[in-house]
Amino acid sequence: MASTSLVSSSVWTMVLSLPLMLASAGHCPPVLCGDVTISFPFGIVQEQATSTNCGAIGFQVRCVNATPFLGYSRYAHWFQILTVFYDNASLVVADSHKLEKLGGASNSNASVVDESCRIPKNNSSTKVALPFSISPVNQEMILYDCTKTPAPAAAAGEGLVETRCGNSTFARVGGRRYGESDDGRYFLDGCGATVVPVLAKYGEANASNYEELISDGFLLTWKTPGERKGIL
């Protein structure tokens, strides 16, 4: 019981001290990384460093080759930052690793199958951690890797578009706001599925443009202690 109490006490101490830690974080001078201005609560982490002395906890940014990435590790960047809306606590990011695995970064000819092209296995949401969350204004793009090719009529009925990877891989865009789809709504027998948020208004997203939609990114929002601002 003593050890349990000690752990509980430690956890509560961390929780209670988080607002103070955030409040005490220094305000970094604004820094231009590429064409994106990085300002408080974000802070640039130098490549030779493992932490930053300014900016709020969880808002570390790495500027690599004039490209800002949200995340801690210099070896495994999370998301590429495209735009930051400081006034309403939101930012547009792109899961650039998804596009690389789909061959979009190296092959612009959609008629050529890239042997290195493959459907990524992990949902983009697995990279999202507090203080960030995926805005429901996004839509869901589902990428499928199937063991057999669906019949053309079935594929058309499901709104499937074949990806440049070939080998029974498909893309489709969900018709609902992100996170509101029913369980199993996009299940396809014999297919593995990966979900990527895309920022597109209802009815405007087209699965044929899956690479462009991924490249254009999706909306994240953040909140600070005692304050929750509106989403874009």
Side-chain angles (χ1 to χ4, degrees), residues 64-65 67-71 73 75-83 92-128 134-135 137-220:
V64 182
N65 297 325
T67 302
F69 291 91
L70 180 66
S73 172
Y75 304 109
H77 302 300
W78 286 7
F79 298 119
Q80 179 182 345
I81 300 174
L82 303 180
T83 308
V92 177
V93 299
D95 194 342
S96 53
H97 285 176
K98 292 286 188 292
L99 199 60
E100 290 172 6
K101 291 182 179 179
L102 286 164
S106 60
N107 185 359
S108 60
N109 188 344
S111 65
V112 177
V113 176
D114 186 342
E115 294 298 328
S116 66
C117 184
R118 63 190 186 279
I119 298 296
K121 300 297 184 182
N122 297 323
N123 296 338
S124 295
S125 60
T126 62
K127 297 182 181 181
V128 179
I134 300 174
S135 170
V137 304
N138 298 293
Q139 285 184 250
E140 294 176 331
M141 170 172 287
I142 305 91
L143 302 171
Y144 293 101
D145 189 357
C146 304
T147 57
K148 60 181 180 179
T149 303
E158 296 288 353
L160 301 182
V161 174
E162 187 172 17
T163 76
R164 69 162 69 244
C165 300
N167 298 322
S168 298
T169 58
F170 302 91
R172 120 205 274 184
V173 174
R176 298 189 179 192
R177 289 157 63 91
Y178 182 86
E180 293 183 352
S181 60
D182 299 328
D183 292 340
R185 175 180 175 84
Y186 301 123
F187 172 80
L188 286 180
D189 187 32
C191 301
T194 301
V195 180
V196 182
V198 293
L199 185 57
K201 294 180 181 180
Y202 178 81
E204 293 184 358
N206 188 326
S208 298
N209 301 324
Y210 67 93
E211 288 175 301
E212 180 181 352
L213 288 169
I214 295 174
S215 179
D216 287 345
F218 60 95
L219 192 71
L220 288 179

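Proximity of a side-chain donor or acceptor of Lys98 to a complementary backbone N or O of Asn122 within less than 3.5 Å is detected. Panel note: side chain Asp216, backbone Leu213; no donor-acceptor pair is recorded below 3.5 Å.
When all heavy atoms are compared, the tightest approach of Gly159 to Ala207 is O-CB, 4.4 Å. Contact detail for Ser168 and Lys148: the closest heavy-atom pair is OG-C, 3.7 Å. In plain terms, the two heavy atoms of Ser96 and Phe69 that are nearest each other are OG-CE2, 3.9 Å. What you find for Glu140 and Tyr178 is that their closest heavy atoms are CG-CD1, 3.4 Å. Scanning both residues, Val93 and Phe79, for their nearest heavy atoms gives CB-CB, 3.6 Å. The shortest non-hydrogen separation linking Thr194 to Pro120 is OG1-O, 2.5 Å.
Of the inter-residue distances, the one linking Ser124 atom OG with Leu143 atom CG reads 8.5 Å to the nearest 0.5 angstrom. To the nearest 0.5 Å, atom CZ of residue Arg172 and atom OG1 of residue Thr163 are 14.5 Å apart. The distance from atom CG of Leu82 to atom CG of Leu70, rounded to the nearest 0.5 Å, is 11.5 Å. Atom NE2 in His97 sits 5.5 Å away from atom NZ in Lys127 (nearest 0.5 Å). If you take CE on Met141 and CG on Asn209, they are separated by 8.0 Å, rounding to the nearest 0.5 Å. Between Cys117 atom SG and Asn167 atom CG the span is 9.0 Å, to the nearest 0.5 Å.
With contacts defined as side-chain heavy-atom distances shorter than 4.5 Å, the pair Leu102/Ile119 qualifies. Using a 4.5 Å heavy-atom threshold, the side chains of Leu188 and Ile142 count as separate.
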Applying side chain to side chain donor-acceptor pair (under 3.5 Å), run through Ser208 and Asn206 and close with a yes or a no.
CA-CA 5 Å; Ser208 298; Asn206 188 326; 3.2 Å; yes
Derivation and outcome, side chain to side chain contact (heavy atoms under 4.5 Å, CB included), residues Leu220 and Ile134: CA-CA 5 Å; Leu220 288 179; Ile134 300 174; 3.9 Å; yes
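Residues Lys121 and Asp145 are paired through a salt bridge, judged by an N-O separation under 4.0 Å between the basic side chain and the carboxylate.
With sequence neighbours left out, Tyr210 forms a ring pair (Phe, Tyr, Trp, His ring centres under 6.0 Å) with no residue at all.
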